[in-house]
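A quick write-up on the structure given underneath.
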Protein chains: 4
Amino acid sequence: MAAVRAAVAGASGYAGGELLRLLLGHPGVEIGALTANSNAGQLLGSLQPHLVPLAGRTLEPTTAEVLAGHDVVFLALPHGQSAAVAEQLGPDVLVVDMGADFRLRNAADWEKFYGSAHAGSWPYGLPELPGARAALESTRRIAVPGCYPTAVSLALFPAYRDGLVESDAVIVAATGTSGAGKALKPHLLGSEVMGSMSPYGVGGGHRHTPEMIQNLSAVAGQDVTVSFTPTLAPMSRGILATCSAKAKDGVSAESVRAAYEKAFADEPFVHLLPAGQWPATASVYGSNSVQVQVAYDESAGRVIAISAIDNLTKGTAGGAVQSMNIALGLDESTGLSTMGVAP
Amino acid sequence: MAAVRAAVAGASGYAGGELLRLLLGHPGVEIGALTANSNAGQLLGSLQPHLVPLAGRTLEPTTAEVLAGHDVVFLALPHGQSAAVAEQLGPDVLVVDMGADFRLRNAADWEKFYGSAHAGSWPYGLPELPGARAALESTRRIAVPGCYPTAVSLALFPAYRDGLVESDAVIVAATGTSGAGKALKPHLLGSEVMGSMSPYGVGGGHRHTPEMIQNLSAVAGQDVTVSFTPTLAPMSRGILATCSAKAKDGVSAESVRAAYEKAFADEPFVHLLPAGQWPATASVYGSNSVQVQVAYDESAGRVIAISAIDNLTKGTAGGAVQSMNIALGLDESTGLSTMGVAP
Amino acid sequence: MAAVRAAVAGASGYAGGELLRLLLGHPGVEIGALTANSNAGQLLGSLQPHLVPLAGRTLEPTTAEVLAGHDVVFLALPHGQSAAVAEQLGPDVLVVDMGADFRLRNAADWEKFYGSAHAGSWPYGLPELPGARAALESTRRIAVPGCYPTAVSLALFPAYRDGLVESDAVIVAATGTSGAGKALKPHLLGSEVMGSMSPYGVGGGHRHTPEMIQNLSAVAGQDVTVSFTPTLAPMSRGILATCSAKAKDGVSAESVRAAYEKAFADEPFVHLLPAGQWPATASVYGSNSVQVQVAYDESAGRVIAISAIDNLTKGTAGGAVQSMNIALGLDESTGLSTMGVAP
Amino acid sequence: MAAVRAAVAGASGYAGGELLRLLLGHPGVEIGALTANSNAGQLLGSLQPHLVPLAGRTLEPTTAEVLAGHDVVFLALPHGQSAAVAEQLGPDVLVVDMGADFRLRNAADWEKFYGSAHAGSWPYGLPELPGARAALESTRRIAVPGCYPTAVSLALFPAYRDGLVESDAVIVAATGTSGAGKALKPHLLGSEVMGSMSPYGVGGGHRHTPEMIQNLSAVAGQDVTVSFTPTLAPMSRGILATCSAKAKDGVSAESVRAAYEKAFADEPFVHLLPAGQWPATASVYGSNSVQVQVAYDESAGRVIAISAIDNLTKGTAGGAVQSMNIALGLDESTGLSTMGVAP
């Protein structure tokens, strides 16, 4: 098969950079236009010095003309900007939105959390969720999940699918700073971040909360509530999501383990660890792997599922490539590594 | 008042080192014998190079002879070793145990989690808990709390005391690596820790769990269950504890805030942050301060309380000095700073 | 003696924050006005959350009116702004400039490296340099040294004073990110800094170079050249300066050691480590200590001196307080700790 | 071409793990036996959890029987152990020693720095050095360079080859902790490493010094001396080497730049950065790239060359694969990425 030609809108940010790193190693993709907003006109090498093969490429402005003539267009844009760009791309172009714009199906949720008009929803790029893979085959529009919803949904959906837990989930997750992007904010300075853990968006305010609720409720077949507390950790990459819910009567360590083994047995990227071994974000650094472990705490009466991902890889750019592969009819794992860069 | 003379058993470890840092700045304490086990005979300067004023002191073996003749003896020993040493010290000596031996009142809990015979229990050195301060006045035996129970109990007791939440608490906490001590274990190597978050002791196995249950149940006046997941964060110091429980009917953001304001209004070391500001471990680095914030998540129906402490200071050595001050009739804050070393 | 009243201009930055941390623990200082530029009007607690006792203080604008009526005024301002402020303060006010404006005696150097008119020079606040202490006694104007020149000058002056080394020094230093201040620059983001070492200002361009040359040439009694390469390290605080120069004929390990022992024997803050022990920035974290070690590499024919300081403490705010103490006739160590916060 | 079958002796350490990560992505290699010493009998997944595809493989003991029947055998063993193993492997087997045993040509140097009998020397696996590539073609024995000598030799050889600098080089390098391996030593604990920079092996004592001297002297055609100071940085991976030497008369910024452009023009892995851009270890994280920049400091009269590598990739395992490719007649870049994992 001839290589598809891919453009990346938003190539100067962290998500765009990670995507380019993966696409450069993808045998079926040829990299086309690279665009940016304020960084248009600059050499990629000055902004993404780790992407050696593209160091001499100049960033172009994000316009319909520049993005025309590609088979695939990745959008790594601030939220609210994807719809306008996507409209100008033909229906045969595969558009992969790495932003939030088309993730939520409920317009009211979108308006409440993002404060603008809802653009609609596209097939959801988390193939491991029940039913998701089929919807991605042959689609020409993909909404890449948020990084937290990726980690949380994969950790909890087996328990909800098999009806093992009550409907109120409690989630505390730690993220590396790249999850916040390259925005120049004081609390993201190295001096502030190193040596410190701190929460943010506590009490239901984080925009990824309705996305988790959407995913888990669909699997559970009933409304699930989510108490979600994100925390910022002193590392560049990685999400560790600690998720729990009250176990229903009759649940046992065995039934919990069985639900998770069944859910991930054939998944190329989700690895249920052997009993006694727990996920670590270092183990999935730069990889598309998800490490999952689950326990049943009999004393507290809760099922605790923990997942580790790389927020930029499986959590964003790797997930995007995985879904692109499915939509293009390629092997789902093409160009994606399951091996972390450790230590 | 003349300075009291204090000995430190276990001066080569992290807890002992932090204690010495604080005692060197304490105007009412003169530092006496410093003991160690395998490090006896070495200069303190080679093991604790940051303690400049004591660099030339030689560590002695931990024996009754060496520890005799002091007004206060701090024990920073592996669990199970404190009772034997304490027995040899007279009843007038103030013994402050920074280990676990005398924290739990329930012998069965001790045996289950520590696997040895229960040594008993001493007045519990968390003065901010209801009733605790009075028990510490004039005592000659103090059990310093564990670092996690310090962070968790302070974050949650106001909600339990005022009956605002249900009895099943869910706690996820991140700790710096010094919480694990100087033990030479592969997962504590810098290469493994940096850039990584990972959980451990998941599912009720952590030894600090029964101590949290003991504290919260006492305040609640009923049995509280605790689902506790500790995680190891890439930083040397600090605990961030994210604690939540289902809100009872009728609870509001106002009633939650009021409970916490009341609880900490007169506390010298616990600071309820202004609304909208959240704790960060960097802000309490090296200090005896506790930062607390609380939220009521109406959608999820939970009260979420988050605390940040320095595990070595308020979580161990600072807590020990604070309780010592009370027992000696000194001002509770003597020799303790509320200011973190930041950034 | 009654406490002196001190104002801090530039209280919202890292240098100002560290100064306040030290002044809060200084028994002879009462904290007066706190000023800022763009942050004026904000609560200090929202900008410096670790400074608990001052959390409720509001930042005022940096004006002559606000700074009037203090015994001491600390200036932590961007370079080029100190002279205008200092002129409005009376000659009896002790003005301690933590910026660069009055460090260089050579106007041409200033103009070359800072691109503006030279404001003059004030007594130099590095008391350990030969002759410096006397110049600080009773002065009412102090130029606090740069952080790198502090680390480098202390590491090398004994070798130059005793004529042990040739005149061309080679220095490579690593600094924590707080040395770059709170400026919102992409390369200072946590995501960029963590896990990375990188140089900057290579080839003589760093503004601290002429200050090092000034200090070392004065001690050597001849022109010294300095090759200085600063590097940014993944830590918040600390400078490790590796300094070397060709040994002159007849130099031996013994003569080198003797020169350093003599230089620091009576210094309260500079600690020549025992042979075989090397400085670590962690050991001086948050303290005013300087750790120094020196070696004579016979094969390479060089003397290598290495120093570790906390760039914010001894390198800025601690050095400022130390010099203030001298100028005020207080014990030089008042309010300053020699103990690092470690691990 | 059929895949070669490769065994890895020392598969549980950091060098072995990184090698396996690379070999898993190498299209011409099939992974055979994996051996260890004390870890023999364990599952690789419990020791190298990031190597998902090999998680179920069991480590075997390092014996001639186990290593027999492979085309390539990689040795990642403690120094002094490679010769005995290599002797038992046939002359047709490609043996790639990632340890120090066969790097030094001078027996006296070996004995002085390693304290045992010299085993000999093998073709040196740094293809970018003048003459090195030819010696690697078709060899069946390769000595992989040390990580520091890799970074330093590449940074300095162009200046020495073109006779631009004097014979006494001064080098200060920072390394991530993985350079010290998985050894359980107190100073390598995360608690000690994070937030700290410290030197070690100062004054000529580091074992990589004679290797640098060997490389640079050969290129210079005269004896070069090296003053080498390694420092430990708070990061897992990466070496930043700051190297300088006095410029000879007549040297200019242009002649320096030209020498480096010439040296690296055709190199697939060494990238001379555009003027004004400096290396960062983050940019080469997990890649086989070397970033180099060079400056001529006219004031100090020195040429300063700085390189960044990943100590485990180009500095060890990547360099090993690169040399293996040459020896096997494969494209030199096979299985090796030039892209770092950043941020």
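Here is the naming used below: chain letters follow the sequence lines, and residue numbers restart at 1 for every chain. As a basis for the values below, the full set of heavy atoms in this structure was taken, side chains included, without hydrogen atoms, waters or symmetry mates.
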Chain B contact via L54(C) - which portion, at a heavy-atom distance below 4.5 Å: neither

Region of V341(C) in contact with chain B, defined by heavy-atom distances below 4.5 Å: both

Pairs flagged by salt bridge (Lys or Arg N to Asp or Glu O under 4.0 Å) wherever residues 277-292 of chain B is involved - sequence neighbours left out: none

Options G17(B), G176(B), P49(B), ranked by heavy-atom pairs under 4.5 Å with chain C, top entry: P49(B)

Pull every donor-acceptor pair under 3.5 angstrom between chain B and chain C and give the atom names with distances.
from	atom 1	to	atom 2	distance (Å)
G45(B)	O	Q277(C)	NE2	3.1
P49(B)	O	Q291(C)	NE2	3.4
H50(B)	O	G340(C)	N	3.2
H50(B)	NE2	A342(C)	O	3.3
R237(B)	NE	P343(C)	O	2.9
R237(B)	NH2	A342(C)	O	3.1
Q277(B)	NE2	G45(C)	O	3.1
Q291(B)	NE2	P49(C)	O	3.3
G340(B)	N	H50(C)	O	3.2
A342(B)	O	H50(C)	NE2	3.3
A342(B)	O	R237(C)	NH2	3.1
P343(B)	O	R237(C)	NE	2.9

Shortest non-hydrogen contact between V52(C) and M339(B), atoms and distance: N-CG, 4.4 Å

Greatest number of heavy atom pairs closer than 4.5 Å to chain B - which of A55(C), P53(C), P279(C): P53(C)

